[in-house]
Amino acid sequence: QELCLAMKSISEGSAKELEPKKLLSMAYDKIKKDGIVQAGSTTAVVAHLSEQGKLTVTNLGDSWCGVFRGSKLVFNTKFQTLGFNTPYQLSIIPDKIMADAKKRGSSYITNTPIDADDYEFQLKSNDIVVLATDGVTDNIDVGDMELFLKNNEKSGKDLTSLAQEFVAEVVKLSKDPYFPSVFSQELAKVTGKNYTGGKEDDITCIVVKVE
């Protein structure tokens with residue numbers, strides 16, 4: 001939350017447009033300098049849509065950005081992970097905790113904005129841009145997203161209602177013990193055991209339609 005607030009403050013106070021990675025880096029540095037957050041970590045996806053229709057994205061970790069054209073996925077970012085359920089992440093860790101970990105021969109994940117992947121994509125009119133946390137992508141796959149958009153493309157619903165309905169559906173599936181979620185299928189592959197059920201997590205989604 002503090003990272004987003006910092007990016008909002010910096011972007012609104014800048015006289016020029018900032019590239020997503022630059023904005024992410026400035027916000028991360030500000031939070032560390034100001035000491036607002038004592039400890040914590042987060043993944044991040046930051047996007048900029050230019051007036052010429054160019055989408056610029058920087059992604060660190062397992063948050064996600066995808067573009068749908070005619071309900072079909074035509075662009076998406078890739079997950080950055082160190083292993084199963086272990087994404088790259090920005091972190092703020094107190095020196096004492098870092099020192100104690102070092103004594104034990106262990107460490108924490110300490111990525112920086114420079115580790116984020118950068119993307120560019122040329123948008124077209126009526127494209128749908130989706131930015132989502134892993135609470136979405138750990139539960140449903142791209143095919144489910146395409147089906148949802150296809151089933152609603154002629155519904156006449158406004159974008160806000162559509163996004164709220166989408167999130168509500170993902171939340172419902174995340175609590176279903178019998179739903180074959182993406183996470184449960186991946187867990188089954190890793191462990192060699194059978195797993196089913198959704199993954200309850202932070203489920204956040206931003207949906208933008210290109211005019």
Side-chain angles (χ1 to χ4, degrees), residues 1-34 37 40-82 87-92 109-138 140-142 145-146 148-149 153 158-160 162-163 166-167 170 202-211:
Q1 184 181 32
E2 292 296 342
L3 186 68
C4 289
L5 289 172
M7 286 192 287
K8 181 175 185 290
S9 174
I10 293 168
S11 63
E12 289 179 344
S14 176
K16 61 179 181 179
E17 294 180 349
L18 297 169
E19 290 293 314
K21 180 171 282 186
K22 178 67 173 177
L23 180 59
L24 179 63
S25 182
M26 291 173 69
Y28 181 55
D29 289 344
K30 182 178 188 303
I31 288 175
K32 290 195 296 181
K33 180 181 177 182
D34 293 351
V37 176
S41 65
T42 186
T43 63
V45 58
V46 186
H48 177 259
L49 285 72
S50 75
E51 292 182 358
Q52 293 74 38
K54 185 176 78 171
L55 172 68
T56 309
V57 183
T58 192
N59 182 69
L60 185 124
D62 59 359
S63 289
W64 184 82
C65 176
V67 177
F68 296 84
R69 183 172 295 161
S71 76
K72 290 294 183 181
L73 184 74
V74 292
F75 161 83
N76 67 285
T77 58
K78 305 300 181 184
F79 301 131
Q80 293 180 314
T81 62
L82 297 170
Y88 284 29
Q89 53 202 275
L90 302 175
S91 59
I92 293 178
I109 301 173
T110 55
N111 293 110
T112 65
I114 199 171
D115 297 321
D117 289 335
D118 295 320
Y119 302 83
E120 283 189 3
F121 183 77
Q122 185 60 45
L123 299 167
K124 292 185 178 180
S125 180
N126 295 317
D127 282 353
I128 299 292
V129 182
V130 177
L131 294 101
T133 60
D134 66 318
V136 174
T137 55
D138 274 345
I140 64 171
D141 61 20
V142 169
M145 297 182 199
E146 291 178 331
F148 178 85
L149 291 173
E153 61 184 351
D158 64 84
L159 206 58
T160 299
L162 199 64
F166 176 74
V167 168
V170 177
D202 298 320
I203 295 172
T204 302
C205 185
I206 297 172
V207 183
V208 179
K209 185 174 183 180
V210 181
E211 298 292 348

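Remember, predicted model here, so these are calculated numbers, not experimental data. The basis for the numbers below is simple: all heavy atoms, side chains too, and nothing from hydrogens, waters or symmetry mates.
- When side chains are defined from C-beta on, L149 does not count as touching E146, because their heavy atoms never get closer than 4.5 Å.
- A 4.5 Å side-chain heavy-atom check between V136 and F166 finds at least one atom pair inside the cut-off.
- Taken to the nearest 0.5 Å, the CD1 atom of I31 stands 6.0 Å off from the CD atom of E2.
- Between N111 and L90 the shortest heavy-atom distance is O-CD2, 3.6 Å.
- Taking the side chain as every heavy atom from C-beta outward, Y28 and T42 never approach each other to under 4.5 Å.
- Judged purely by atom type and a 3.5 angstrom limit, D127 has no side-chain atom pairing as donor or acceptor with the backbone of R69.
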Note to self: side-chain contact (heavy atoms from CB on, under 4.5 Å), that's the test. Do K32 and I92 meet it? Break it down for me.
What the structure shows: CA-CA 7 Å; K32 290 195 296 181; I92 293 178; 4.0 Å; yes
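- By the neighbour-count criterion of 12 heavy atoms within 6.0 Å, atom CD of E17 is sparsely surrounded, having that number or fewer from other residues, nucleotides or ligands.
- V207 and L159 make their closest contact through O-CD2, 3.5 Å (heavy atoms, listed as atom of the first residue, atom of the second, distance).
- Here the closest heavy-atom approach between residue T58 and residue A116 is recorded as OG1-CB, 3.3 Å.
- Side-chain contact between L55 and Y119: absent, with no pair of heavy atoms (C-beta onward) separated by less than 4.5 Å.
- For the pair Q52 (side chain) and S50 (backbone), a donor-acceptor distance under 3.5 Å is absent.
- The minimum heavy-atom distance between N59 and K78, with the atom names listed, is ND2-O, 3.4 Å.
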Note to self: The test is side chain to side chain donor-acceptor pair (under 3.5 Å); show your working for Q80 and D115 and say whether it passes.
What the structure shows: CA-CA 9 Å; Q80 293 180 314; D115 297 321; over 6 Å; no
Next item on the list: Apply side-chain contact (heavy atoms from CB on, under 4.5 Å) to D117 and T77, showing your working.
Entry: CA-CA 8 Å; D117 289 335; T77 58; over 6 Å; no
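- Rounded to the nearest 0.5 Å, atoms CE (M145) and CD1 (I140) are 4.5 Å apart.
- Contact annotation: the side chain of K54 approaches that of E120 to within less than 4.5 Å [non-hydrogen atoms, C-beta and beyond].
- For the atom pair CG of N126 and CZ of F68, the computed distance is 15.5 Å after rounding to the nearest 0.5 Å.
- With a 4.5 Å cut-off on side-chain heavy atoms, V170 and C205 do not count as touching.
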Margin query: Determine whether W64 and V142 satisfy the following criterion, side-chain contact (heavy atoms from CB on, under 4.5 Å), listing intermediate values before the conclusion.
Written below: CA-CA 11 Å; W64 184 82; V142 169; 4.2 Å; yes
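- In terms of the ring pair (Phe, Tyr, Trp, His ring centres under 6.0 Å) criterion, residue partners of F121 (sequence neighbours excluded) are, by chain and number, F75.
- Checked against ring pair (Phe, Tyr, Trp, His ring centres under 6.0 Å), Y88 has no partners two or more places apart in sequence or in another chain.
- Counting heavy atoms from C-beta outward, D62 and T137 have side chains that stay 4.5 Å or more apart.
- In this structure, the separation between CE on M26 and CE on M7 is 12.0 Å, given to the nearest 0.5 Å.
- Summarising the geometry of C65 relative to V129, their closest heavy-atom pair is SG-CG1, 4.1 Å, with the distance given to 0.1 Å.
- Put simply, CG on D29 and OG1 on T112 are 9.0 Å apart, with the number rounded to the nearest 0.5 Å.
- Of the possible donor and acceptor atoms, none in the side chain of S25 sits under 3.5 Å from a partner among the backbone N and O of P113.
- Residues S63 and T133 approach most closely at OG-CA, 4.1 Å, considering heavy atoms.
- Within 6.0 Å of atom CG in D34, more than 12 heavy atoms from other residues, nucleotides or ligands are found, so the atom counts as buried in its surroundings.
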